[in-house]
Amino acid sequence: MRNFYIIKEYENKNINLPVRATSYSAGYDFESAEDYIIKAKELCLIKTGIKAQMNNDEVLKIYPRSSLAKKKGLFLANHVGIIDSDYYNNPDNEGHIMINVYNFTDKDVTINKGERIAQGI
C-alpha cells in the first residue's frame, strides 16, 4: 500500500514522483515543485506537490540531502520531518508534503523547480 501521488493542485505541473537514485539508495529523493529564493536567515516552506500513502503502522521520515547544507547553506528547520500515515489526504491540504528549510547564510539562496532537496525514508 505504500505509494506516492501528486496532489491535485500540481497534477498538470510536471511534478516527478520521488524515486530512489540507485537500487541501494536508502531514501526516495524529493524535489521542489516550484522555484524559490530563500532570503538570508529566513525560513521557507518548500512545496513538493507530493503526498504519501502508507500502512497505518508506518511513518515517512524526511531528511535533508547530504549536499543541502554544504552546497546551499540550508538545513531542515525541524531537523527531521515526520509524515504520519494519517496525514494522507488530510482535509486541510490533501496531505501535501512540504520541506521546511532555514537559510543559515548571509546570502539569498535559489532553489529551482525539480531540484532534489530532501530524501524520504
Side-chain angles (χ1 to χ4, degrees):
M1 177 161 123
R2 288 178 215 107
N3 287 303
F4 295 111
Y5 299 97
I6 298 170
I7 66 166
K8 288 180 180 133
E9 179 183 349
Y10 285 87
E11 282 181 342
N12 297 311
K13 296 186 178 181
N14 258 356
I15 301 297
N16 296 315
L17 292 174
V19 295
R20 288 183 164 149
T22 70
S23 58
Y24 296 107
S25 294
Y28 293 83
D29 290 332
F30 280 79
E31 301 177 355
S32 175
E34 300 178 11
D35 292 331
Y36 291 90
I37 296 175
I38 305 166
K39 302 286 185 194
K41 311 292 185 205
E42 286 193 359
L43 287 168
C44 180
L45 201 56
I46 297 177
K47 297 178 179 183
T48 66
I50 301 296
K51 61 183 178 177
Q53 184 180 33
M54 299 171 274
N55 295 319
N56 291 337
D57 61 346
E58 295 179 324
V59 63
L60 176 64
K61 296 178 183 179
I62 305 292
Y63 296 94
R65 286 182 44 84
S66 57
S67 61
L68 196 64
K70 183 174 173 94
K71 292 182 179 177
K72 293 287 188 174
L74 302 173
F75 64 77
L76 266 60
N78 53 346
H79 303 288
V80 177
I82 300 295
I83 311 299
D84 297 314
S85 61
D86 63 355
Y87 187 61
Y88 179 76
N89 280 339
N90 176 309
D92 294 333
N93 64 8
E94 201 183 337
H96 190 177
I97 296 171
M98 294 175 259
I99 313 296
N100 195 8
V101 298
Y102 177 73
N103 177 356
F104 62 84
T105 72
D106 294 323
K107 297 180 180 180
D108 294 352
V109 173
T110 300
I111 296 290
N112 295 309
K113 180 182 177 189
E115 191 168 340
R116 297 176 298 161
I117 54 165
Q119 57 184 330
I121 299 174

Check residues 70-77 and write down every donor-acceptor pair under 3.5 Å in which the side-chain atom is one partner and the other belongs to a residue at least two apart or another chain.
unit_1	atom_1	unit_2	atom_2	d
Lys72	NZ	Thr110	O	2.8
Lys72	NZ	Glu115	OE2	3.1

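- To the nearest 0.5 Å, atoms CD (Glu58) and CD1 (Ile83) are separated by 13.5 Å.
- In this structure Asp29 satisfies the side chain to side chain donor-acceptor pair (under 3.5 Å) test together with Arg65, Arg116, sequence neighbours excluded.
- Considering only heavy atoms from C-beta on, Ile111 stays 4.5 Å or farther from Val101 through its side chain.
- Pairing each heavy atom of Ile99 with each of Ile97, the nearest pair is CD1-CG2, 4.2 Å.
- Counting heavy atoms from C-beta on, the side chains of Ile6 and Ile50 come closer than 4.5 Å.
- Checking side-chain atoms of Tyr87 against main-chain N and O of His96 turns up a donor-acceptor pair under 3.5 Å.
- Residues Pro64 and Leu68 come closest through the heavy atom pair CB-CD2, 3.9 Å.
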side-chain contact (heavy atoms from CB on, under 4.5 Å) between Val80 and Ile82, worked out: CA-CA 6 Å; Val80 177; Ile82 300 295; 4.0 Å; yes
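- Across Leu60 and Phe4, no two heavy atoms sit closer than the pair CD2-CE2, 4.1 Å.
- Remark: Asp106 pairs with Lys41 by the salt bridge (Lys or Arg N to Asp or Glu O under 4.0 Å) rule, at least two apart or across chains.
- Rounding to the nearest 0.5 Å places CG of Asn55 at 6.0 Å from CG of Asp57.
- Counting heavy atoms from C-beta outward, Ile46 and Ile38 have side chains that approach closer than 4.5 Å.
- Val59 and Tyr88 end up in different hydrophobic clusters when Ile, Leu, Val, Met, Phe, Trp and Tyr side chains are linked at under 4.5 Å.
- In this structure the side chain of Thr48 never reaches within 4.5 angstrom of the side chain of Met98, judged on heavy atoms.
- Hydrophobic clustering of Ile, Leu, Val, Met, Phe, Trp and Tyr side chains at less than 4.5 Å, counting indirect connections, keeps Ile62 apart from Val19.
- Proximity of a side-chain donor or acceptor of Asn103 to a complementary backbone N or O of Glu42 within less than 3.5 Å is not detected.
- The ring pair (Phe, Tyr, Trp, His ring centres under 6.0 Å) check on Tyr63 picks up nothing, with sequence neighbours excluded.
- In terms of heavy-atom proximity, Met54 sits nearest to Ser85 at CE-CA, 3.7 Å.
- Residue Asn16 holds its CG atom at 12.5 Å from CZ of Phe30, rounded to the nearest 0.5 Å.
- Shown here is Lys39, whose NZ atom has no more than 12 heavy atoms of other residues, nucleotides or ligands within 6.0 Å.
- Every salt bridge (Lys or Arg N to Asp or Glu O under 4.0 Å) that Glu94 has, sequence neighbours left out, goes to Lys51.
- Heavy-atom minimum distance, Ala33 versus Gly49: CB-N, 3.9 Å.
- Ser25 contributes no side-chain N or O that, together with a main-chain N or O of Gly27, makes up a donor-acceptor pair within less than 3.5 Å.
- Within the 4.5 Å cutoff, the side chain of Tyr36 has no heavy atoms near those of the Ile117 side chain.
- For Asp84, there are no side chain to side chain donor-acceptor pair (under 3.5 Å) partners, not counting sequence neighbours.
- The number of heavy-atom neighbours closer than 6.0 Å to CD1 of Ile37, taken from other residues, nucleotides and ligands shown, is 12 or below.
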